[in-house]
Amino acid sequence: MVKTVAIKKRLSAVERKGQIVGVAMSLFAQKGFKGTTTREIAERAGISEAVIFRHFNDKDALYDAIINARCTDVQGEPRLLARIKGKEGREIFRAIASFLIAEHRQDDSFLRLLIYSALEGHELSERFINTRGLEFLEYLKRHIKALMEKGVFRKTDPEIAARAFMGMVIYYSISQEIFGLKKFFTRPDAEVVDTFVDIFFDGMLDKN
């Protein structure tokens, strides 16, 4: 009987980079940055460390690739901003909350990775905030300011208001996925989203 030998498919450069990023994200989310080495990443990916450095010139390139892999689509556009394009009023806030809560519930690795990074004083969380984080907060701040100028929202600091809304949503994900409150608190995502949006939007309305 002739034995058949399985031929391992050779990954393209794009596929290999994606594999390295996925493995690195998984390990960083499990063990933190101080507890993860490039050797472990290489071993988990089934490659040599030299292959990692061939695709990523330095650690910053790898960190940027991790952020982009989670935050941008195949065209390089921010995924969250794409979800709210063309929406107005409450629908913008509903789309933001829906996207983030579902994203973290389906895969909390990036959330864990950012927390590890911040607690360990690692640069990835700062790189994320200085790029994607501040970019989105600025967008939300401008939208809130526009609603104030139209007389829909009462006058207040739009940047604080933007951070208040995002804080409410992000903390919910952290408490559910990281602290484990989802074992004790179960509600449909749509109910949670609608409640958060109503609390924020109704509290911001100009009732004069």
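These numbers come from a predicted model, not from an experiment.
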Q: Ignoring hydrogens and angles, state whether a donor on the side chain of Glu191 or Thr195 is under 3.5 Å from an acceptor on the partner side chain.
A: no
Q) Taking everything shown except Glu159 itself, do over 12 heavy atoms lie less than 6.0 Å from its CD? A) no
**Q.** Crowding at NZ, Lys155 (>12 non-hydrogen neighbours, <6.0 Å)
**A.** yes
Where do [X] and [Y] come nearest, in terms of heavy atoms and distance?
X: Phe165; Y: Ala97; answer: CZ-CB, 4.2 Å
X: Glu120; Y: Gly32; answer: OE2-CA, 3.6 Å
X: Ser125; Y: Ser117; answer: N-OG, 2.8 Å

Separation of [Y] [atom2] from [X] [atom1] (nearest 0.5 Å):
X: Tyr116; Y: His122; atom1: OH; atom2: NE2; answer: 13.5 Å
X: Glu123; Y: Asn130; atom1: CD; atom2: CG; answer: 11.0 Å
X: Phe28; Y: Phe110; atom1: CZ; atom2: CZ; answer: 12.0 Å
X: Asp157; Y: Arg163; atom1: CG; atom2: CZ; answer: 10.5 Å
X: Arg70; Y: Leu80; atom1: CZ; atom2: CG; answer: 12.5 Å
X: Tyr63; Y: Asp58; atom1: OH; atom2: CG; answer: 9.5 Å

**Q.** Worked check of side-chain contact (heavy atoms from CB on, under 4.5 Å) between Met168 and Tyr172
**A.** CA-CA 6 Å; Met168 181 166 54; Tyr172 176 78; over 6 Å; no
Side-chain heavy atoms nearer than 4.5 Å, only ILVMFWY residues, links allowed to pass through others: does that put [X] and [Y] together?
X: Tyr171; Y: Val197; value: yes
X: Leu205; Y: Phe196; value: yes
X: Val14; Y: Ile67; value: no
X: Leu181; Y: Leu100; value: no
X: Phe184; Y: Ile178; value: no

Q: Apply side-chain contact (heavy atoms from CB on, under 4.5 Å) to the pair Asn68 and Arg132, showing each step before the final yes or no.
A: CA-CA 9 Å; Asn68 289 333; Arg132 303 300 177 184; 2.9 Å; yes
Q) For Asp198, which residues count as a salt bridge (Lys or Arg N to Asp or Glu O under 4.0 Å) partner, sequence neighbours excluded? A) Arg90
**Q.** Residues which pass salt bridge (Lys or Arg N to Asp or Glu O under 4.0 Å) with Asp64, listed by chain and number, not counting sequence neighbours
**A.** Arg127
Strictly distance-based, threshold 3.5 Å: is any side-chain N or O of [X] a donor or acceptor partner for the main-chain N or O of [Y]?
X: Ser26; Y: Gly22; value: no
X: Glu15; Y: Ser12; value: yes
X: Arg154; Y: Gly203; value: yes
X: Glu77; Y: Thr72; value: no

**Q.** Partner set under side-chain contact (heavy atoms from CB on, under 4.5 Å) for Ser173, not counting sequence neighbours
**A.** Ile101, His104, Leu111
Q.
Tell me every residue that passes side-chain contact (heavy atoms from CB on, under 4.5 Å) with Ser48, counting only those two or more places apart in sequence or in another chain.
A. Ala50, Val51
(Q) So if I apply the side-chain contact (heavy atoms from CB on, under 4.5 Å) rule between Phe128 and each of Leu114, Ile66, Leu113, which one comes out positive? (A) Leu114
**Q.** Close side-chain approach of Asp206 and Val152, heavy atoms under 4.5 Å
**A.** no
Q | Any Arg16 side-chain heavy atom under 4.5 Å of Ile20 side chain | A | yes
Q: Could you walk me through whether Phe56 and Val21 pass the side-chain contact (heavy atoms from CB on, under 4.5 Å) test, one step at a time?
A: CA-CA 10 Å; Phe56 301 98; Val21 166; 3.7 Å; yes
I'd like a table of donor-acceptor pairs (distance under 3.5 Å, sequence neighbours excluded) in which one partner is a side-chain atom from residues 134-148, with atom names and distances.
from: Glu138; atom 1: OE1; to: Lys141; atom 2: NZ; distance (Å): 3.2

In residues 38-47, what donor-acceptor pairs under 3.5 Å come from side-chain atoms, sequence neighbours left out?
from: Thr38; atom 1: OG1; to: Glu49; atom 2: OE1; distance (Å): 2.5
from: Glu40; atom 1: OE1; to: Thr37; atom 2: N; distance (Å): 3.1
from: Glu40; atom 1: OE2; to: Lys31; atom 2: NZ; distance (Å): 2.3

Q) Could you go step by step and tell me if Glu177 and Arg112 meet the salt bridge (Lys or Arg N to Asp or Glu O under 4.0 Å) rule? A) CA-CA 9 Å; Glu177 310 305 332; Arg112 290 179 181 276; over 6 Å; no
Q: Specify whether Phe93 and Phe153 have parallel, tilted or perpendicular ring planes, treating 30° as the upper limit for parallel and 60° as the lower limit for perpendicular.
A: tilted
Q. Does Arg187 count as lying over the ring of Phe185, i.e. NZ or CZ under 6.0 Å from the six-ring centre, within 45 degrees of the axis?
A. yes
